[in-house]
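Written out below as structure tokens is the structure these notes cover.
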Amino acid sequence: MDELNEQRQQRIKKLDLLREAGVAPYGTRFEVKDRAGELLRLHSEKPKETLDQEKISCTLAGRVVALRRFGKAGFAVLQDGADRLQLYLKKDLLSEQAYAVVEQLDLGDWIGVTGTLFRTKTNEFTVEVHQLTFLSKALRPLPEKWHGLTDVETRYRQRYVDLIANPQVHQIFSTRSRIIAGIRAFLIERGFLEVETPMMHPIPGGATAKPFVTHHNALGVDLYLRIAPELYLKRLIVGGFPRVFEINRNFRNEGISTIHNPEFTMLEFYVSYADYQDLIALTEELVSSLAQQILGKTVITYQGRDIILTPPWQRWSYHQAILEVNSLEPSVLQDREKALAAAKRLNVPVDPKASLFTIVNEIFEETVEPNLQQPTFITDYPIEISPLARRKDTDPTLTDRFELYIAGREIANAFSELNDPLDQRERFEGQAAQREAGDDEAHLVDEDFLRALEYGMPPTAGEGIGIDRLIMLFTDQASIRDVVLFPQLRPEKA
RNA sequence: GAGCCGGUAGCUCAGUCGGUAGAGCAUCGCCCUUUUAAGGCGAGGGCCCUGGGUUCGAGUCCCAGCCGGCUCACCA
């Protein structure tokens, strides 16, 4: 018999012993009156004498994660959420049945207790338990108490064990939830309406990416998991909702890395009558106020580097950034041969047949992006790589657009929306031509979206923020898998 | 998809030159009514990722594969 089975068998045996003692090993309702975190926050600073005087009674529940028994008494550590609180279990203070439970208790079991707060002679804040209710039996042993669970594969595949064994992981996901709640509150406070748009699209659009394909049997059609909600949210602007947002998953059938998961969480929001400059201000306010609210500061540390989220942030035009970082002549941006030569000189690998804008964009991604550690708005992207953005009034080859970079990564993408249906049709047709030419990520013509624009869309600015990456930044995590509860892995047992 | 690194007890890890598989925690038994990585004494527990090969003999060397991490490529 292998060791896991041996430990399981032992625990299954204890199920019977519990039943014999009249205890249900899988119990039911338990009236929780206190949370460990709250008790620690309210009372753990009080001196021994105060606690003895106040005789504070409490009732809480959780998982037993440590047990130190000796003879007819012992200590247990109860884990309640991310908090741990010590229990004192003494035979004299418990019913015969309750003490029988203590004797059968295993690491991992769930219990509920009632008792009073006190300090041990080593000054540890502890609950002296008077009543104990067995709630649920664990049949599998917990990971090692000192090192916890470190095997990354097990941590991702069995996140439940990771969450039990590593309280800091519990903390990260609780922070994640608070960040998303904070974003919702921020937007709702400013008059945004939260909406849900389709996850299954007949035509994938709103971004350039490879989609996942699925099939609807009754309709007999292929559908695509959405790569972005953009075109649907803009339909709602046409419909007359002046401010909408959606926080939900996008799906992209592309590589997996420390900053890419096939499904990822995106915030997109649209503001009627506004332009991309308004969104720069809104983004600074959103991110810095979130940092203040969640982390209590606007200068944060990410992977050993200080990131200053205190506004205002740097603004830099796309072309200006390329020229300045690489000390290039402006003519490079106009001349394909010069751009190609510059790329070669800068050791930026490019396809020699690539178009001017592709070469320039390669130079940007290779030489500028990694330098954008502090929050920076890169503005005025060329029209060729911005098929849904409004042209600049001052230069029709550029768009009213920005991307926000923090820690060398793209965090947000925003622009004044293209609301001219005829221009949009031309751009779609340009994309269709690129698709004909072999670019399978170019946009398809979405006739219904064009029809919507033809009903008239007010001037509008829209933005998408990659929530997982924002959370990585806020929680100082290097890998997206550490901020996604169940990251995508190859299925177990091939 | 390519390169590098890894996979040994439930967990965290050792394993020398190729010579019968090790520790701590966890588990089981005994002792212990204020411990906190509790302690003491004793015991059990292994598909060394899988499949081939070399060898008298493979956890160890070779080949192929599986799974994971990191880097690169694509992308947010």
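Note that this is a predicted model, so its numbers are computed, not measured. In what follows, chains are A, B, ... by sequence order, proteins preceding strands, each numbered from 1. Keep in mind that the numbers below use all heavy atoms, side chains included, and drop hydrogens, waters and symmetry copies.
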Check: Between B:U27 and B:G6, how far is it from one P atom to the other, in whole Å?
Finding: 32 Å

Note to self: If only side-chain N and O atoms count, and only distance matters, is there a donor-acceptor pair under 3.5 Å linking A:D83 with A:Q79?
What the structure shows: no

Checklist line | Nearest-angstrom distance, C1' atom, B:C13 to B:A37 | finding: 16 Å

Check: A:Q7 CD to B:G46 P: how many Å, rounded?
Finding: 12 Å

Next item on the list: Round to a whole Å and report the spacing from CD of A:E144 to C1' of B:G10.
Entry: 11 Å

Next item on the list: Classify the nucleic acid contact of A:G466 as base, sugar-phosphate or nothing, counting any heavy atom under 4.0 Å across all strands shown.
Entry: nothing

Item checked: Separation of the P atoms in B:G69 and B:U8, to the nearest angstrom -> 16 Å

Item checked: Salt-bridge present (A:R409, A:E369; N to O < 4.0 Å) -> no

Check: Within this structure, what is the CD1-to-C1' distance between A:I256 and B:U71, rounded to whole angstrom?
Finding: 16 Å

Next item on the list: Using the closest heavy atom to pick a nucleotide of RNA chain B for each, name whichever of A:V152 or A:L105 lands nearer the 5' end.
Entry: A:L105

Checklist line | Short N-O contact, A:D482 and A:R155, less than 4.0 angstrom | finding: yes

Notebook entry, point to check: Do we get A:R235 above A:Y232's six-membered ring, with its NZ or CZ under 6.0 Å from the centre and within 45° of the axis?
Noted result: yes

Item checked: Verify stack between A:F75 ring and B:U35 base, 5.5 Å, 30 degrees -> yes

Margin query: With the criterion set at under 5.5 Å between ring centres and under 30 degrees between planes, would B:A76 be stacked on A:F264?
Written below: yes

Checklist line | Sugar-phosphate, base or nothing in reach of A:N123, heavy atoms under 4.0 Å | finding: nothing

Margin query: Using a 4.0 Å heavy-atom cut-off, does A:E124 contact any base of the nucleic acid, only the sugar-phosphate backbone, or nothing at all?
Written below: base

Next item on the list: Considering only atom P, compute the distance from B:G18 to B:G3 and round it to an integer number of Å.
Entry: 27 Å

Notebook entry, point to check: Hey, does the side-chain of A:E410 have a donor or acceptor N/O within less than 3.5 Å of a partner on the base of B:A76?
Noted result: no

Checklist line | Under-4.0 Å side-chain N/O to phosphate OP1/OP2 contact, A:R157 with B:G68 | finding: yes

Next item on the list: To the nearest Å, give me how far apart CZ (A:R84) and P (B:U35) are.
Entry: 20 Å

Next item on the list: Scan side-chain atoms only and decide if A:Q303 and A:D476 contain a donor-acceptor pair under the 3.5 Å cut-off.
Entry: yes

Check: If pairing requires Watson-Crick or G-U wobble contacts with both distances under 3.5 Å, which nucleotide is the partner of B:C25?
Finding: B:G10

Note to self: With hydrogens left out and only the distance checked, is there a donor-acceptor pair under 3.5 Å joining A:Q86's side chain and the base of B:U35?
What the structure shows: yes

Notebook entry, point to check: Considering every strand shown, what is the Watson-Crick or G-U wobble mate of B:C70 when both distances are under 3.5 Å?
Noted result: B:G3

Notebook entry, point to check: Is there a donor-acceptor contact under 3.5 Å linking the side chains of A:T197 and A:R226?
Noted result: yes

Notebook entry, point to check: Has A:K14 got a side-chain N or O lying under 4.0 Å from the OP1 or OP2 atom of B:C28?
Noted result: yes

Check: OP1 or OP2 of B:C13 less than 4.0 angstrom from a side-chain nitrogen or oxygen of A:T150, does that happen here?
Finding: yes

Check: Distance check: side-chain N/O of A:R69 vs OP1/OP2 of B:U35, anything under 4.0 Å?
Finding: no

Next item on the list: For the residue pair A:R68 and A:Q86, confirm or rule out a side-chain donor-acceptor distance under 3.5 Å.
Entry: yes

Notebook entry, point to check: Which value, in whole Å, describes the distance between the C1' atoms of nucleotides B:A21 and B:A9?
Noted result: 10 Å

Margin query: Rounding to an integer number of angstrom, what distance separates B:U50 and B:G68 when you compare their C1' atoms?
Written below: 15 Å

Notebook entry, point to check: Whole Å only: how far is the NZ atom of A:K72 from the P atom of B:C32?
Noted result: 5 Å

Item checked: Whole angstrom value for the distance that separates C1' of B:U71 from CZ of A:R481 -> 12 Å

Next item on the list: Any ring-ring contact (aromatic ring centres under 6.0 Å, His included) involving residues 44-79 of chain A? Give me the pairs, sequence neighbours left out, ordered by first then second residue.
Entry: A:F75-A:Y88

Item checked: Residue-phosphate contact under 4.0 Å: A:T258 side-chain N/O, B:U71 OP1/OP2 -> yes

Check: Which one, B:U35, B:U12, B:G10, comes nearest to the side chain of A:P141?
Finding: B:G10

Notebook entry, point to check: RNA chain B: A:T120 or A:L149, which has the more 5' nearest nucleotide?
Noted result: A:L149

Margin query: Distance check needed: B:G10 C1' versus A:R8 CZ, whole Å only.
Written below: 12 Å

Check: Does A:P167 reach the side chain of A:R84, with side-chain heavy atoms less than 4.5 Å apart?
Finding: yes

Next item on the list: With the side chain of A:E153 defined as its heavy atoms from C-beta on, choose the nearest nucleotide among B:A76, B:G44, B:C67.
Entry: B:C67

Checklist line | Whether A:F377 and A:W313 hold their rings parallel, tilted or perpendicular, with breakpoints at 30° and 60° | finding: parallel

Item checked: RNA chain B contacts made by residues 89-97 of chain A, counting heavy atoms under 4.0 Å -> A:K90, A:D92

Checklist line | B:C56 to B:G39 separation - C1' atoms, rounded to the nearest Å | finding: 49 Å

Next item on the list: Could you tell me whether A:K13 contacts a base, only the sugar-phosphate backbone, or nothing, with contacts defined as non-hydrogen atoms closer than 4.0 Å?
Entry: nothing

Next item on the list: Quick one: label A:G74 by what it contacts on the DNA or RNA (base, sugar-phosphate, nothing), any heavy atom closer than 4.0 Å.
Entry: nothing

Note to self: Can you classify the ring geometry of A:Y318 versus A:Y381 as parallel (below 30°), tilted (30 to 60°) or perpendicular (above 60°)?
What the structure shows: tilted

Notebook entry, point to check: Where the side chain of A:W146 is defined as all heavy atoms beyond and including C-beta, which of B:A37, B:A76, B:U35 is the nearest nucleotide?
Noted result: B:A37

Check: Once you round it to whole Å, what is the distance between C1' of B:C74 and CZ of A:F251?
Finding: 20 Å

Next item on the list: Go ahead and name the base partner of B:C47; Watson-Crick or wobble counts if both distances stay under 3.5 Å, otherwise write none.
Entry: none

Notebook entry, point to check: Would you say a side-chain N or O of A:R140 is under 4.0 Å from OP1 or OP2 of B:G10?
Noted result: no

Notebook entry, point to check: Mind checking who B:U20 pairs with, Watson-Crick or G-U wobble, both distances under 3.5 Å?
Noted result: none

Check: Hey, does A:L489 reach any base, or is it just sugar-phosphate, or nothing, if we go heavy atoms under 4.0 Å?
Finding: sugar-phosphate

Next item on the list: Looking only at side-chain atoms of A:Y88, point me to the closest of B:C28, B:A76, B:U34.
Entry: B:U34

Margin query: Please report the distance separating the C1' of B:A76 from the corresponding atom of B:G59, rounded so that it comes out in whole Å.
Written below: 43 Å

